[in-house]
Amino acid sequence: MVQIRLTNTRTRRKEDFQPIDPTNLRLYLCGPTVYDRAHLGNARPVLVFDVLVRLLHHVYGREAVTYVRNFTDVDDKINAEAQRRKAAGSPLSLEALVAERSEETIAWYHADMDALGAMRPHIRGKVTPLAEPRATAYIAQMIQMNLDLIARGHAYEAEGHVLFDVRSFPDYGKLSGRSVDDMMAGARVEVAPFKRDPMDFVLWKPSDDELPGWDSPWGRGRPGWHIECSAMSAALLGPSFDIHGGGIDLQFPHHENEIAQSCCAHPTEDFARYWLHNEMLQVEGKKMSKSLGNFFTVRDLLDRGVPGEVIRFVMLSTHYRKPMDWTEAKAAEAEAVLRRWRGLVAGIEPATSPAPALVEALADDLNTAGAFAVLHELAARGDAARLLVSARMLGLLLPEMGRWAEADNAVAARIEALLEARAAARKARDFARADAIRDGIAAAGVEVKDTATGSEWALAAGFDAKALDALARELGLT
RNA sequence: GGUGGGUUGGCGGAGAGGUUACGCACCGGAUUGCAAAUCCGUGAAGACCGGUUCGAUUCCGGUACCCACCUCCA
């Protein structure tokens with residue numbers, strides 16, 4: 001069996017991955033807060049985990065893997081949108097409007113992640129809504145966890161809030177490598193007067209009539225940000241599970257607080273044994289932010305005609321623990337490579353197993369860049385069957401992802417007609433006309449290959465159907 | 001200020017204490033009516049300063065620069 005090695009943020013070392021139960025692997029990935037479209041950065045942890053899960057399927061079998069990813073549908077931004085709709089005259093209740101907003105956002109999220117070829121979360125291999133829990137469906141478990149934490153002396157009530165007492169958990173700060181005292185020195189936030197320690201964080205907070213809320217022992221209120229992941233992972237994966245992932249920006253405070261809550265509520269358990277964090281995404285060398293004007297969503301890219309498979313390729317070409325820079329140049333290069341590979345594997349049956357070197361690369365802390373080198377090597381050797389099955393381990397060259405690379409019948413007929421006109425010109429040794437047609441076809445993004453038996457063609461990067469039509473009109477072929 | 005990460009050839013981007021990463025681009029050759037595609041081949045690196053070592057781009061220390069988190073952003 002292939003030994004998987006992962007960099008565990010908890011120990012800051014690359015470690016052999018030893019599952020708690022090899023027949024029942026359990027993973028948790030922090031999913032989106034569903035207030036708006038997923039931006040490009042949201043896609044990175046999803047794709048990193050997607051490759052990890054595909055690797056686990058390969059090594060342990062699909063039915064041995066449970067992969068849970070949550071939707072956080074309790075959030076001030078969702079509330080704000082619901083209040084806006086209420087003010088605009090909606091007859092629905094605030095709770096219903098929150099649900100409505102979450103519902104539409106989740107549908108977008110699914111559509112966008114599907115377009116990137118990301119597998120849906122699943123329980124023992126079976127895709128089910130249960131594997132994508134929503135915070136609002138686990139309020140009772142959160143309340144219970146808060147009660148447990150209070151009973152064990154790790155949390156306290158103050159002015160309708162329930163707060164976690166960070167001083168009660170000696171390991172607080174261990175994941176992110178900071179001490180409570182260090183953090184206090186750099187604290188910039190205004191501290192609520194009812195906190196025992198400035199770093200104490202909210203487990204439950206009161207809601208007024210303008211906000212959605214649930215009845216609790218502390219009055220009508222809503223959960224704090226971190227408790228939902230602790231409650232849902234415990235409910236679906238148990239108090240100890242294998243791998244927990246997310247963006248590095250979640251390391252503190254979100255994951256630190258999850259650990260504090262979960263470990264204090266279940267003191268004899270491990271919570272997550274391996275922590276995986278992906279580095280951030282940048283755009284053309286800069287942080288993606290609304291103020292810089294380089295902020296965009298996955299949908300923006302898809303609508304601009306960048307195929308999901310290309311986005312996926314670019315994302316995976318940088319190792320997950322390094323900052324990844326999204327650039328137009330990379331997208332163009334990825335598109336060209338994918339077209340070439342798709343041409344190579346067209347009509348080919350996949351081999352039975354992926355290249356061992358590729359599995360080795362992925363098993364070594366998800367070295368996707370190294371995996372690409374193996375794919376290039378297979379392509380160069382012309383081993384199309386092996387290339388196909390190997391690329392699919394990265395979620396590439398899947399049949400359902402390839403529509404973008406195909407020409408429809410009208411386009412194919414147009415190209416054939418142009419090539420016939422060129423062939424006729426060449427036969428008549430009218431090379432000026434033949435070359436003009438060829439250059440026009442090439443400029444439209446169609447690659448022409450002359451072989452001993454005639455001309456073949458394939459769509460290349462930047463294919464432009466309109467330019468092709470214009471060329472045909474110019475030559476009087478329509 | 002605290003914490004963590006990074007700096008590799010023209011560009012992107014990996015691994016390994018000593019032997020070609022890989023891709024794109026470039027250059028040379030084969031091929032072609034000329035090209036394209038394809039094939040073959042060449043060249044090109046390890047921020048800076050020290051240390052360990054027979055040998056470091058790879059380990060250790062320092063410097064510079066960049067980035068992230070510390071603010072309910074993946």
Side-chain angles (χ1 to χ4, degrees), chain A residues 9 12 29-33 35-36 38-49 69 72 74-78 173 175-179 181-190 199 201-202 205 223-226 228 245-254 256-257 277-282 285-290 295 313-314 317-325 327 329-330 332-334 336-337 340 343 360-361 364-365 367-377 379-380 382 426 429-432 434-435 438-439 441-442 446-452 455-458 460:
Chain A
T9 315
R12 293 169 208 294
L29 176 65
C30 282
T33 301
Y35 63 93
D36 204 354
H39 65 250
L40 192 60
N42 288 304
R44 175 113 106 136
V46 173
L47 290 175
V48 168
F49 246 58
R69 182 180 66 208
T72 296
V74 179
D75 175 78
D76 287 345
K77 288 192 257 312
I78 307 173
L175 176 74
S176 49
R178 35 191 114 193
S179 73
D181 296 315
D182 284 347
M183 287 186 278
M184 279 175 58
R188 286 186 251 158
V189 244
E190 211 177 306
M199 295 313 296
F201 57 91
V202 171
K205 55 191 165 187
W225 174 30
H226 318 289
E228 86 279 16
I248 188 72
D249 55 334
L250 292 184
Q251 187 184 31
F252 189 89
H254 184 57
E256 196 73 71
N257 293 355
H277 288 102
N278 61 276
E279 254 297 342
M280 297 289 97
L281 177 118
Q282 298 178 302
K286 293 199 179 72
K287 181 185 176 172
M288 183 163 81
S289 74
K290 283 177 179 164
F295 182 95
F313 188 110
V314 172
S317 60
T318 298
H319 187 87
Y320 76 94
R321 283 191 295 105
K322 288 208 171 171
M324 130 101 220
D325 195 15
T327 65
K330 284 186 186 179
E333 194 177 319
V337 171
R340 186 151 21 92
E360 287 295 324
D364 182 13
D365 200 25
N367 183 0
T368 48
F372 276 116
V374 176
L375 295 180
H376 282 299
E377 201 178 297
R426 287 178 79 192
R429 302 198 69 78
D430 182 356
F431 292 122
D435 291 355
R438 175 233 288 158
D439 293 345
I441 294 174
V446 180
E447 194 171 83
V448 176
K449 301 171 213 184
D450 291 335
T451 69
S455 296
E456 291 174 11
W457 58 271

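Proteins get letters first, then strands, A, B, ... in listed order; numbering begins at 1 in each. Bear in mind the structure is a predicted one, so any value in this text is a computation, not a measurement.
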In whole angstrom, give me the gap between the [atom1] atoms of [N] and [M].
| N | M | atom1 | answer |
| --- | --- | --- | --- |
| B/G15 | B/A21 | P | 14 Å |
| B/C11 | B/G17 | C1' | 28 Å |
| B/U8 | B/A47 | C1' | 10 Å |
| B/G62 | B/C70 | C1' | 26 Å |
| B/U19 | B/C24 | P | 25 Å |
| B/G5 | B/G12 | P | 23 Å |
| B/A64 | B/C39 | P | 48 Å |
| B/A45 | B/G9 | P | 9 Å |

State whether [X] places a side-chain N or O below 4.0 Å from either non-bridging phosphate oxygen (OP1 or OP2) of [N].
| X | N | result |
| --- | --- | --- |
| A/Lys322 | B/U7 | yes |
| A/Ser317 | B/G13 | no |
| A/Arg438 | B/G33 | no |
| A/Lys449 | B/U32 | no |
| A/Lys330 | B/G13 | yes |

Check: [N] base within 3.5 Å donor-acceptor of [X] side chain:
| X | N | answer |
| --- | --- | --- |
| A/His277 | B/A74 | no |
| A/Asn367 | B/G15 | no |
| A/Asp450 | B/A35 | yes |
| A/Arg426 | B/G33 | yes |

Distance in angstrom units between [X] [atom1] and [N] [atom2], rounded:
| X | N | atom1 | atom2 | answer |
| --- | --- | --- | --- | --- |
| A/Asn278 | B/G5 | CG | P | 16 Å |
| A/Asp325 | B/C24 | CG | P | 20 Å |
| A/Asp249 | B/C67 | CG | P | 17 Å |
| A/Glu279 | B/G13 | CD | C1' | 16 Å |
| A/Gln282 | B/C73 | CD | C1' | 15 Å |
| A/Asp439 | B/A36 | CG | C1' | 9 Å |
| A/Leu175 | B/G5 | CG | P | 12 Å |
| A/His254 | B/C73 | NE2 | P | 11 Å |

Expected output: side-chain [X] to main-chain [Y] donor-acceptor under 3.5 Å:
| X | Y | result |
| --- | --- | --- |
| A/Glu279 | A/Met324 | no |
| A/Gln251 | A/His277 | no |
| A/Lys77 | A/Asp36 | no |

> If you round to the nearest 0.5 Å, how far is OH of A/Tyr320 from CG of A/Asp365?
Replying inline: 3.5 Å
> What is the distance from atom CZ of A/Phe313 to atom NZ of A/Lys330, rounded to the nearest 0.5 Å?
Replying inline: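 Rounded to the nearest 0.5 Å, the CZ-NZ separation comes to 11.0 Å.
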For residues [X] and [Y], report the shortest heavy-atom separation together with the two atoms involved.
| X | Y | result |
| --- | --- | --- |
| A/Arg69 | A/Gly31 | CG-CA, 3.7 Å |
| A/Gln282 | A/Pro323 | OE1-CB, 4.2 Å |
| A/Leu29 | A/Pro45 | CD2-O, 3.9 Å |

>> Nearest heavy atom decides the nucleotide; on that basis, is A/Thr33 or A/Gln251 closer to the 5' end of RNA chain B?
In response: A/Gln251
> Between A/Arg321 and A/Val74, which has a closest nucleotide on RNA chain B that is more 5'?
Replying inline: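 Its nearest nucleotide lies further toward 5', so the answer is A/Arg321.
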For the side chain of [X], counting heavy atoms from C-beta on, which of [options] is nearest?
| X | options | value |
| --- | --- | --- |
| A/Thr318 | B/G13, B/G23, B/A74 | B/G13 |
| A/Pro253 | B/G33, B/C70, B/A74 | B/C70 |
| A/Glu333 | B/C24, B/G33, B/A74 | B/C24 |
| A/Lys77 | B/G4, B/C73, B/A74 | B/C73 |
| A/Glu447 | B/C70, B/A74, B/A37 | B/A37 |
| A/Phe431 | B/C73, B/C70, B/G33 | B/G33 |
| A/Ile248 | B/C73, B/A68, B/A21 | B/A68 |
| A/His376 | B/A74, B/C22, B/G33 | B/C22 |

>> Salt bridge check, A/Arg426 against A/Asp450: does any charged N sit closer than 4.0 Å to a carboxylate O?
In response: yes
Applying a 4.0 Å non-hydrogen cut-off, can you work out what [X] is touching in the nucleic acid: base, sugar-phosphate, or nothing?
| X | answer |
| --- | --- |
| A/Leu375 | nothing |
| A/Gly41 | base |
| A/Phe252 | sugar-phosphate |
| A/Arg69 | nothing |

>> For RNA chain B, please output the secondary structure as dot-bracket, reading 5' to 3'. Pairs are Watson-Crick or G-U wobble, both atom distances under 3.5 Å; mark crossing pairs with [ ], other-strand partners with |, unpaired with a dot.
In response: (((((((..(((.....[...)))..((((.......)))).....(((((..]....))))))))))))....
>> Parallel, tilted or perpendicular: which one describes the rings of A/Phe201 and A/His226, with boundaries at 30° and 60°?
In response: perpendicular
>> Surrounding CZ of A/Arg429 (heavy atoms of other residues, nucleotides or ligands, distance under 6.0 Å), is the total greater than 12?
In response: no
>> Tell me whether the ring of A/Phe372 lies stacked over the B/G23 base, given a 5.5 Å limit on centroids and a 30° limit on the plane angle.
In response: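 Per 5.5 Å and 30° rule: no stacking.
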